[in-house]
Number of protein chains: 2
Amino acid sequence: MKQVTIKDIARAAGVSYSTVSRSLSGSPEISEKTRKRVLELCREMNYTANTVARSMVMKSTKLLGLIVTDISNPFMSELAYYIDGQARARGYNIVLCNSLRSLEQERSLFELMISRKVDGVILLPAESESYNTLESLLPRMPTIFVGENLRDVPESFVTVDNYRGAYMGVEYLYRLGHRRILYFGKRKGSTTHQLRSEGYRAACEELGLEPRYMNNTFSSTSIRNGYQLAQQLFSQPLRETAVFAATDTNALGILQAAEEKGIRIPEDLSLLGFDNIRDSGLPRIGLTTVEQPKKLLASMAVDSLLDKIANDQAGYTHRILTPSLVERTTCRAVSRA
Amino acid sequence: MKQVTIKDIARAAGVSYSTVSRSLSGSPEISEKTRKRVLELCREMNYTANTVARSMVMKSTKLLGLIVTDISNPFMSELAYYIDGQARARGYNIVLCNSLRSLEQERSLFELMISRKVDGVILLPAESESYNTLESLLPRMPTIFVGENLRDVPESFVTVDNYRGAYMGVEYLYRLGHRRILYFGKRKGSTTHQLRSEGYRAACEELGLEPRYMNNTFSSTSIRNGYQLAQQLFSQPLRETAVFAATDTNALGILQAAEEKGIRIPEDLSLLGFDNIRDSGLPRIGLTTVEQPKKLLASMAVDSLLDKIANDQAGYTHRILTPSLVERTTCRAVSRA
DNA sequence: ATAGTCTTCGGAAACGTTTGAGCTGCGAAA
DNA sequence: TTTCGCAGCTCAAACGTTTCCGAAGACTAT
């Protein structure tokens with residue numbers, strides 16, 4: 001697997017190797033005749049440019065780091081899909097890393113990305129504290145956070161409007177006739193959850209409802225977590241007619257627990273999620289939920305990052321996308337008896 | 001974001017830059033005193049080695065290409081998760097690409113990987129013909145195919161034993177009392193599906209059952225495809241008591257169609273899948289299915305690839321893993337009335 | 001014919017690292 | 001005292017590109 005270099009074809013074509021380089025890059029100062037001959041030789045000799053050598057001199061690898069907590073999570077893998085698409089359209093490739101939701105891992109991966117000289121990194125932070133852990137490294141690598149609202153932090157991010165999404169969610173349930181709505185899931189910790197629960201509270205106050213929380217103390221938001229908490233919830237009679245889950249994964253856990261307890265959804269209880277992960281659209285599940293515009297999130301993330309790379313001095317941008325509600329089958333109208 | 005190089009520290013430490021390099025790499029011919037001073041300086045000056053320069057001279061990027069058809073597919077994202085874990089444990093990073101199930105895309109991505117000088121590529125092929133499209137490129141890059149059985153092709157692959165898995169599946173249904181079992185899904189095209197349907201047929205013959213196929217002519221295996229085909233299936237009275245879906249995604253489509261037709265699963269019809277994607281374990285779905293050992297698949301893929309990279313001359317390896325059956329709730333025992 | 005301009009190409013430096021070969025000084029063996 | 005070996009370091013080449021600068025030749029204008 002030895003390399004055929006630009007010098008080899010230069011020798012074969014009887015020109016200098018700078019001429020070959022220029023031929024390949026489409027420089028105008030090369031005659032059609034020699035260019036043709038060079039390109040011909042390249043094909044014959046199976047030449048492929050060595051990108052790492054090019055990166056060396058160009059000081060750009062055309063690589064973007066993508067650090068996620070867990071690529072097997074459906075939300076992240078879908079995001080990764082779109083990010084790769086957009087990046088590739090812009091001439092970049094993705095180097096993927098899983099931080100496993102560990103701040104140390106995350107930091108060490110970030111350093112690795114610096115060492116690898118990727119042009120920038122897209123970070124789905126492990127926790128809201130990620131910014132603090134990484135702060136000292138950030139000046140050395142253009143970075144964009146996605147999914148977390150870093151409010152008054154001087155770094156770029158793109159996220160959905162979690163506050164508004166939650167607000168929309170309770171409005172929706174209100175219109176269906178629900179007056180007792182439980183908020184289920186994490187409340188503290190990440191700004192994401194903080195904003196969602198704030199939006200919930202604000203909507204409740206606006207509509208004259210009494211807010212009630214059921215807090216998940218677990219740090220991870222797997223289905224299992226939601227399931228365990230939901231078991232607790234269902235161990236005593238339910239006051240509410242609807243529950244608003246902080247994430248779709250939580251909602252899935254509720255679904256499971258409800259199934260086991262014989263609680264029918266939506267007949268006995270309406271269930272609303274947040275994120276619209278792919279699982280939610282599956283048959284038999286049909287979770288109605290407030291959707292994060294994942295494709296848009298992805299393309300804005302890479303566009304913002306590429307902008308930042310292009311003009312280094314430019315400050316930071318905060319982009320906040322508006323969510324939308326997708327109706328499926330887990331919420332139903334309720335008569336106000 | 002300008003770079004602190006090895007020369008900067010050399011100047012600061014008052015030594016030559018080769019001394020710095022040797023200090024960093026733990027070479028024995030450097031005195032403890034100078035090594036200490038150098039390392040100290042590195043920390044102070046925020047030095048991080050430039051990996052691309054190193055790759056240049058070492059002729060190794062410590063990068064592995066991972067080409068999948070669609071990272072948002074739960075099977076592949078789970079595999080990618082394990083692959084990344086194993087690769088990182090071995091000192092490698094992953095550059096991820098989506099071929100979008102297109103042979104041209106796949107080929108162009110493969111060329112890109114060879115231009116990027118990744119040390120090897122792990123390929124989840126777009127089609128069984130992928131080998132033909134890539135054949136001319138293969139000698140130029142260590143590659144391992146995963147998921148497809150390339151039988152008599154001189155390239156390495158690792159896959160599950162699809163034949164045996166299908167065989168096990170019908171045996172399982174037989175033991176539950178089922179005598180009329182429909183095979184549902186793709187049959188031609190990929191060797192994967194060919195082997196599965198062969199395993200089904202063999203088991204049927206062995207057990208004295210009459211095989212019946214319902215073939216999916218669509219090239220992609222999305223839920224929607226399974227759904228459409230299942231609608232067709234349910235438009236006339238069912239002769240079978242069980243259906244064996246070629247993939248879990250197909251099974252999910254059947255589930256959806258059944259739901260709409262009012263066909264209860266497993267009461268009216270037992271359903272068995274293949275792959276054990278994460279979705280199958282979801283509440284309300286609980287698809288029983290034959291499982292591909294994804295974690296093992298992943299670690300064998302990277303181990304095999306790394307072996308191949310280490311000794312280039314070594315031939316190829318074919319590894320075929322045995323599947324297992326995971327019981328959930330979509331199959332039930334049937335009385336032989 | 002001379003000067004000037006353009007076109008087309010070659011030479012060489014630079015990117016940041018690793019590493020083989022060579023150099024220096026010091027202690028020990030002869 | 002001379003020679004040798006060795007520890008500890010420096011020099012310089014090499015990896016495969018891109019690109020600035022300059023040179024040679026052809027062509028045009030005077």
Side-chain angles (χ1 to χ4, degrees), chain A residues 1-39 41-42 45-63 91 112-119 140, chain B residues 1-39 41-42 45-63 91 112-119 140:
Chain A
M1 320 224 178
K2 71 146 183 296
Q3 165 107 309
V4 30
T5 80
I6 218 172
K7 299 194 184 184
D8 296 323
I9 30 185
R11 201 175 314 117
V15 297
S16 81
Y17 58 91
S18 46
T19 301
V20 177
S21 172
R22 278 186 257 256
S23 300
L24 267 336
S25 67
S27 170
E29 48 182 356
I30 298 292
S31 71
E32 264 322 299
K33 204 174 53 178
T34 54
R35 182 194 308 280
K36 211 154 224 163
R37 189 154 44 94
V38 167
L39 293 191
L41 256 333
C42 286
M45 303 175 65
N46 270 330
Y47 170 77
T48 349
N50 182 325
T51 306
V52 3
R54 175 181 304 165
S55 300
M56 186 91 255
V57 11
M58 303 287 267
K59 296 185 159 311
S60 160
T61 54
K62 291 288 180 181
L63 242 29
L112 195 53
M113 291 303 104
I114 290 181
S115 156
R116 284 212 177 274
K117 299 289 155 196
V118 301
D119 290 352
R140 294 168 62 193
Chain B
M1 320 223 176
K2 71 149 182 295
Q3 165 106 310
V4 177
T5 80
I6 218 172
K7 300 195 182 184
D8 295 324
I9 351 222
R11 202 174 313 119
V15 296
S16 80
Y17 58 91
S18 45
T19 301
V20 177
S21 171
R22 279 185 249 258
S23 300
L24 268 336
S25 66
S27 171
E29 49 181 351
I30 299 292
S31 70
E32 264 322 300
K33 203 174 54 176
T34 53
R35 183 195 307 281
K36 210 153 224 165
R37 191 155 42 95
V38 166
L39 293 190
L41 255 334
C42 285
M45 302 175 65
N46 271 326
Y47 170 77
T48 349
N50 182 326
T51 306
V52 3
R54 175 180 304 164
S55 301
M56 187 91 254
V57 11
M58 304 285 268
K59 296 185 161 312
S60 160
T61 53
K62 290 289 181 181
L63 243 27
L112 194 54
M113 290 305 103
I114 126 168
S115 158
R116 285 211 177 275
K117 300 289 156 198
V118 299
D119 290 352
R140 295 168 62 192

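Bear in mind that the values here come from a model prediction, so they are computed numbers and not experimental data. Numbered from 1 within each chain, the chains take letters A, B, ... in sequence-line order. As a basis for the values below, the full set of heavy atoms in this structure was taken, side chains included, without hydrogen atoms, waters or symmetry mates.
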Interatomic distance where CD belongs to A:E29 and P belongs to C:dC9 [whole Å]: 9 Å

For A:M56 and C:dT17, give me the distance from atom CE to atom C1', rounded to whole Å. 7 Å

Figure out the CG/P separation between A:D8 and D:dT17, and round it to whole Å. 9 Å

Have a look at B:T5 and say if it touches a base, only the backbone sugar-phosphate, or nothing, with a 4.0 Å heavy-atom cut-off. sugar-phosphate

DNA chain D nearest-nucleotide lookup for B:I30 and A:V57: closer to the 5′ end is B:I30

Whether B:K7 contacts C:dT17 is assessed here as follows: a side-chain N or O lying under 4.0 Å from the phosphate OP1 or OP2. Is that the case? no

Checking C:dG10, C:dC15, C:dT19 against the side chain of A:S16 (C-beta onward), the nearest is C:dG10

Looking at the side chain of B:S31, which of D:dC15, C:dC15, D:dC9 is the nearest nucleotide? D:dC9

Would you say D:dT17 has OP1 or OP2 under 4.0 Å from some side-chain N or O of A:Y47? yes

For a quick check of understanding: with a heavy-atom distance under 4.0 Å over all strands, which category does B:T19 fall into, base, sugar-phosphate or nothing? base

So what does B:V52 touch, heavy atoms closer than 4.0 Å: a base, only the sugar-phosphate, or nothing? nothing

Would you mind telling me which of C:dT18, D:dT18, C:dG16 lies closest to the side-chain atoms of A:M58? D:dT18

Using atom CD1 of A:I6 as one end and atom C1' of C:dC9 as the other, report the distance to the nearest whole Å. 14 Å

B:N50 vs A:G14, nearer the 5' end of DNA chain C by closest nucleotide: A:G14

Heavy atoms, side chains only, cut-off 4.5 Å: are B:N46 and A:R140 in contact? yes

Write down the distance between OH (B:Y17) and C1' (D:dT10), rounded to a whole number of angstrom. 10 Å

When you measure from the side chain of A:T61 to the backbone N and O of A:S55, does any donor-acceptor pair fall under 3.5 Å? no

Quickly work out the B:I114 CD1 to D:dG16 P distance and round it to whole Å. 14 Å

Are B:N50 and A:K117 close enough that some pair of their side-chain heavy atoms sits under 4.5 Å apart? yes

With a 4.5 Å cut-off on side-chain heavy atoms, are B:I9 and B:M45 touching? yes

What nucleotide among C:dA13, C:dC9, C:dG10 has an atom nearest to a side-chain atom of A:S18? C:dG10

Suppose we call a contact any N or O donor and acceptor under 3.5 Å apart; does that hold for the side chain of B:R22 and the base of D:dT10? yes

Among A:K36, A:R37, A:R35, which residue meets the side chain to side chain contact (heavy atoms under 4.5 Å, CB included) test with A:L39? A:R35

Round to a whole Å and report the spacing from CZ of B:R54 to P of D:dG16. 18 Å

Quick one: A:K59 NZ to C:dT17 C1', roughly how many Å, whole number? 12 Å

Would you classify A:T34 as touching base, sugar-phosphate or nothing, given that sugar-phosphate means primed atoms plus P, OP1 and OP2, and contacts are heavy atoms under 4.0 Å? sugar-phosphate

Could you tell me whether the side chain of A:Y47 reaches within less than 4.5 Å of the side chain of A:L24, counting heavy atoms only? yes

